[in-house]
Amino acid sequence: MTQYAYFEGAIRPIAEAKISIMNQTFNYGTGCFGGIRGYWNEDQKQLYVFRLRDHYRRFLNSSRLLLGNLDFTPDQLAQITVDLLAQEGWQENVYIRPLYYKADELIGVRLHNLRDAVAIFSLPMGRYLAAEEGLKVCTSSWRRVDDTAIPPRGKLIGSYVNSALIKSEAVLNGFDEAIVLNQDGHIAEASAANLVMIRHGKFVTPPATANSLEGITLNSLMHLARHELGLEVVERQIDRTEIYFADEAFFCGTGAQIAAIASVDHRQIGSGVMGPITARLRDLFFRVVRGQEADYMHWLTPVHQPIPA
Ligand code: PMP
């Protein structure tokens with residue numbers, strides 16, 4: 001159980017990390033957040049946090065989008081996170097949630113002249129999507145928020161109403177997840193994960209200009225696909241129906257990890273089970289995040305001091 005949070009400038013008991021119902025961000029959704037995973041390596045008794053500084057770079061960019069002016073560097077936020085995780089003493093896989101919010105208690109929809117605040121908490125987390133080996137997916141009747149309305153390039157709290165609409169419609173209609181189209185009618189992503197298809201042996205994914213998040217898992221997989229699997233990686237527009245013809249398709253994200261898509265709109269994708277390229281990438285990804293691939297240790301931040309040999 002979570003015991004601590006970083007709140008109002010210090011690590012405190014989680015029970016003390018409370019905000020008022022008059023809080024400006026609670027009323028208007030004017031904050032942003034991050035989602036980061038830490039993976040427990042039992043052999044090394046080590047908790048490795050995946051691409052911690054890159055997550056905080058995106059987090060600070062999202063806060064700037066909201067006219068925030070945080071006095072933190074990615075390194076400082078990374079250090080606070082490591083201290084928080086060490087204090088919790090987790091010996092299992094965890095999820096870390098940093099939040100940026102406006103700390104004022106007032107009525108007034110705006111972004112400027114408000115006090116900036118950061119809070120961070122962590123909790124144990126296994127799978128986010130139960131059926132990672134083969135999801136039943138639909139195309140959402142909702143469209144993705146647009147860069148001209150609520151920019152999906154930032155992880156903005158308010159824009160997750162869009163994600164929640166997409167997710168609940170899919171689940172209540174009997175699917176595991178949904179693919180959401182952008183205002184132009186092309187594939188953007190899932191409710192809270194990026195989309196990749198394997199077609200004619202290529203790794204194909206929509207660019208961030210399709211109104212998807214600049215995913216850190218996606219960025220990592222693009223690198224691994226290119227450099228470890230020798231695949232051609234293509235960022236391009238994908239039509240709704242092109243995914244029906246994919247050899248393989250999967251969602252990727254910090255929560256979703258790598259989750260294979262078994263069907264879309266009742267059409268089977270490939271052989272209907274996780275494809276060979278998806279499986280290879282997924283195995284490699286799990287080795288990387290657990291600290292079992294020497295070439296990728298620079299993506300990991302260890303929480304505990306290594307035990308001297
Ligand atoms: N898209 C959306 C809308 C998300 O919420 C997430 C999860 N952060 C992703 C994509 C995947 O991004 P990442 O790999 O950086 O977690």
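Both ligands and their constituent atoms are indexed starting at 1 by order of listing.
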Ligand 1 to Ile216 polar contact by distance, N or O atoms, under 3.5 Å: yes
Aromatic contact, Phe175 with His266 (centres under 6.0 Å): yes
Closest protein heavy atom to atom 14 (O) of ligand 1, given as residue, atom name and distance to 0.1 Å: Thr217 OG1, 2.6 Å
Sub-3.5 Å N/O-N/O distance, Ser191 and ligand 1: no
Geometric N/O contact Arg144 with ligand 1, under 3.5 angstrom: no
Test of proximity, Arg58 against ligand 1: N or O pairs below 3.5 Å: yes
Derivation of the salt bridge (charged side-chain N to carboxylate O under 4.0 Å, His left out) call for Arg57 and Glu214: CA-CA 12 Å; Arg57 273 182 208 110; Glu214 295 180 346; over 6 Å; no
Asn162 and Arg143 side chains, donor-acceptor separation under 3.5 Å: no
is_close_aromatic(Phe33, Phe59), centroid dist under 6.0 Å: no
His55 ring center near Phe50 ring center (under 6.0 Å): no
Flag, side chain of Glu248 to backbone of Ile277, donor-acceptor distance under 3.5 Å: yes
Distance filter under 4.0 Å to Thr254 heavy atoms, resulting ligand 1 atoms: 13 (P), 14 (O), 16 (O)
Heteroatom proximity flag, Tyr160 to ligand 1, N/O under 3.5 Å: yes
Ligand 1 contact by Ala193, heavy-atom criterion under 4.0 angstrom: yes
Atoms of ligand 1, numbered as shown, that sit under 4.0 Å from any heavy atom of Lys155: 4 (C), 5 (O), 7 (C), 8 (N)
Contact check: Glu189 vs ligand 1, nitrogen or oxygen atoms, below 3.5 angstrom: yes
Nearest-neighbour protein heavy atom for atom 6 (C) of ligand 1, which is reported as residue plus atom name and distance: Ala192 O, 3.3 Å
Contacting atoms of ligand 1, where contact means under 4.0 angstrom from a heavy atom of Gly215: 12 (O), 13 (P), 14 (O), 15 (O)
Aromatic plane relationship, Phe285 with Tyr39 - under 30° parallel, 30 to 60° tilted, over 60° perpendicular: perpendicular
Ring centre gap for Trp299 and His223 strictly below 6.0 Å: yes
